[in-house]
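Accompanying notes for the structure given below.
Just so you know, ligand 1 is whichever comes first in the structure, and atom 1 is the first atom listed for that ligand. Everything numeric here is computed off the predicted structure, so don't read it as measured data. Numbering starts at 1 and runs along the sequence shown.
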Amino acid sequence: MTNQTVQINKGLEGIVVAETALSKVFGEEGRLIYRGIPIQEFVENDALYEEVVYLLWNGKLPTKAELDAFMADLASKRALPDTVVNQITQFPKTADPMVVLRTVVSMLHMYDENPDDLSPENLRRIGSNLLAKFPTILATFHRYRQGLDPVAPRTDLTHAANYLYMLNGKEPGPRSVEGVNAYLVLLADHGFNASTFTARVVAGTQADMYGAITGAVASLKGPLHGGAPTALVKQMEEVGDPANAEKYVEEALAAKKRIMGIGHRVYKTYDPRARILKRMAENIAKETGNTRWYELAAAIEAAALPRLEAKRLYTNVDFYSVPLLLSLGLPTDMLTPTFAVSRVAGWVAHLLEQYADNRLMRPRSFYVGPEEAHYVPIDQRG
Ligand code: ACO
């Protein structure tokens, strides 16, 4: 095999490695479906994140009784083992919350009595255990680093409401819960993205689900994937005031800089998630009175889109997720972890598919090093 005869698909672009029945992105039309259902329909019908999780994991929407039982099970799994809480409070307060999440997810394997059993029932149990605990891990660390006591999870609140409650120690307003629930629904799955693929590669070796999700969190942290919001916050801070947006965008484009939150590898039109999140971000800004981030984002978008539409560059999901979460008081380093709070639904769903029909993922590389070299004893090396 020479490099003339081998085709190298760097980044695996265009390579199909598995089937999935979970979600499909229609990039040209700006459509996203979960098991056939357009994402807008969940938000229009006030579907809870938990319903979407159930749909992704079970292939059907739950009945009222099924949803109640599923929510009760998740709520019962929210609390962390005391020893894990104690360990979180030994971490450096300067730690990146994504690193905390990745570490604690891995740690939870040691506190599970049956972590390596890959039967479908046990995998669902582990999936619910992880999904239920993600908000608790993050809220526990976030409060500890501010010198605050952790807030015990409540079992009577939805996943979205309980997350906000544990972060702030008080019950959130209805628009805030609605916005975070919609955010969690809209980011729950998105085809074969990098973190989902990472989880599947780990599972492909028949390693445990804790390990696969640890890998997914590690992958989501990167700035080319879930870490993009950090650059968006920087951009908004640079603009500083909505009145500066036109000038900022014009100068940035003239200097061939990119406007963060605009453009997408797959969507060649307005990201359907961004349209909904824009409305939610505006509602939350009104409810919390923290309108700065929404106003900045809207001004940047208004300046950028007319200049970029000709290149088919439109608003992507990050653009309004960031002001939505910032106006709830979340700091910049909690944005990507909150993405993980949602996406763990998709990771677990993909892992259920992977373990049920597994094949070890083992691509090949094209060797370009020397074909013949010899060992030189250390005292003879120059
Ligand atoms: N602002 C200004 N110009 C842009 C932008 C942007 N945000 N995005 C692309 N362009 C321009 C490029 O300069 C290029 O112009 P040219 O043809 O004159 O050289 C043209 O559009 C095509 O650019 P590509 O990089 O080939 O487009 P691609 O579809 O591969 O890029 C990407 C997609 C990486 C998301 C890009 O649009 C970008 O960098 N956006 C800003 C960063 C961002 O928001 N990332 C988050 C993505 S969403 C997510 O991860 C959840």
Side-chain angles (χ1 to χ4, degrees), residues 9-14 23-32 39 98 182-198 216-239 245-278 281 293 296-326 332 335-347:
N9 292 89
K10 236 180 157 177
L12 299 180
E13 217 165 316
S23 68
K24 181 168 177 180
V25 185
F26 297 82
E28 288 294 324
E29 303 152 49
R31 226 155 60 81
L32 169 63
I39 44 137
M98 279 302 271
Y183 169 87
L184 297 179
V185 165
L186 294 171
L187 279 87
D189 196 44
H190 205 244
F192 240 66
N193 58 84
S195 55
T196 297
F197 180 57
T198 306
V217 178
S219 166
L220 188 73
K221 177 172 175 284
L224 297 186
H225 189 13
T230 310
L232 242 156
V233 178
K234 189 164 166 270
Q235 171 176 276
M236 288 198 279
E237 280 169 346
E238 280 169 11
V239 173
E246 282 282 339
K247 185 166 175 283
Y248 177 92
V249 168
E250 201 169 304
E251 287 176 4
L253 293 178
K256 301 249 170 272
K257 283 196 201 147
R258 293 190 174 208
I259 307 300
M260 290 297 126
I262 308 283
H264 196 278
R265 185 58 60 79
V266 185
Y267 291 115
K268 296 302 164 203
T269 181
Y270 209 101
D271 185 323
R273 299 167 297 175
R275 203 177 291 288
I276 302 168
L277 291 169
K278 179 176 185 177
W293 299 109
L296 270 170
I300 297 169
E301 183 186 49
L305 286 195
R307 292 176 166 92
L308 294 173
E309 266 166 345
K311 286 191 183 171
R312 303 186 75 201
L313 297 167
Y314 296 88
T315 311
N316 69 44
V317 68
D318 288 329
F319 197 85
Y320 283 107
S321 314
V322 170
L324 185 153
L325 298 174
L326 290 178
T332 306
L335 301 179
T336 308
T338 303
F339 186 176
V341 167
S342 166
R343 184 56 59 83
V344 67
W347 294 334

Original post:
Below 6.0 angstrom between ring centroids: does that apply to Tyr267 and His190?
Top reply: yes
Tell me: protein heavy atom nearest [atom], and distance?
atom	answer
atom 1 (N) of ligand 1	Ile259 N, 2.9 Å
atom 42 (C) of ligand 1	Met260 SD, 3.6 Å
atom 18 (O) of ligand 1	Lys311 NZ, 2.9 Å
atom 49 (C) of ligand 1	Asp318 OD2, 3.6 Å
atom 8 (N) of ligand 1	Leu313 CD2, 3.7 Å
atom 36 (C) of ligand 1	Arg258 NH1, 3.4 Å
atom 35 (C) of ligand 1	Gly263 O, 3.5 Å
atom 45 (N) of ligand 1	Asn316 ND2, 4.1 Å

Subject >> Donor-acceptor under 3.5 Å (Ser219 side chain, Thr198 main chain) >> reply: no
Subject >> Per-residue contact class, Lys256 against ligand 1 - non-hydrogen pairs under 4.0 Å >> reply: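 No part of Lys256 comes within reach of ligand 1.
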Original post:
Which bit of Lys268 gets closer than 4.0 Å to ligand 1, counting heavy atoms only: side chain, backbone, both or neither?
Top reply: side chain
**OP:** Could you tell me whether atom 27 (O) of ligand 1 has a protein heavy atom closer than 4.0 Å?
**Re:** no
**OP:** Please identify which atoms of ligand 1 are closer than 4.0 Å to at least one heavy atom of Arg265.
**Re:**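 Those qualifying, in numeric order: 28 (P), 29 (O), 30 (O), 33 (C).
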**OP:** With sequence neighbours left out, write down each residue that passes salt bridge (Lys or Arg N to Asp or Glu O under 4.0 Å) with Lys278, or none if nothing qualifies.
**Re:**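 Residues passing salt bridge (Lys or Arg N to Asp or Glu O under 4.0 Å) with Lys278: Glu301.
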Original post:
Under 4.0 angstrom from ligand 1, any heavy atom of Leu232?
Top reply: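 No; Leu232 lies far enough from ligand 1 that no heavy-atom distance drops under 4.0 Å.
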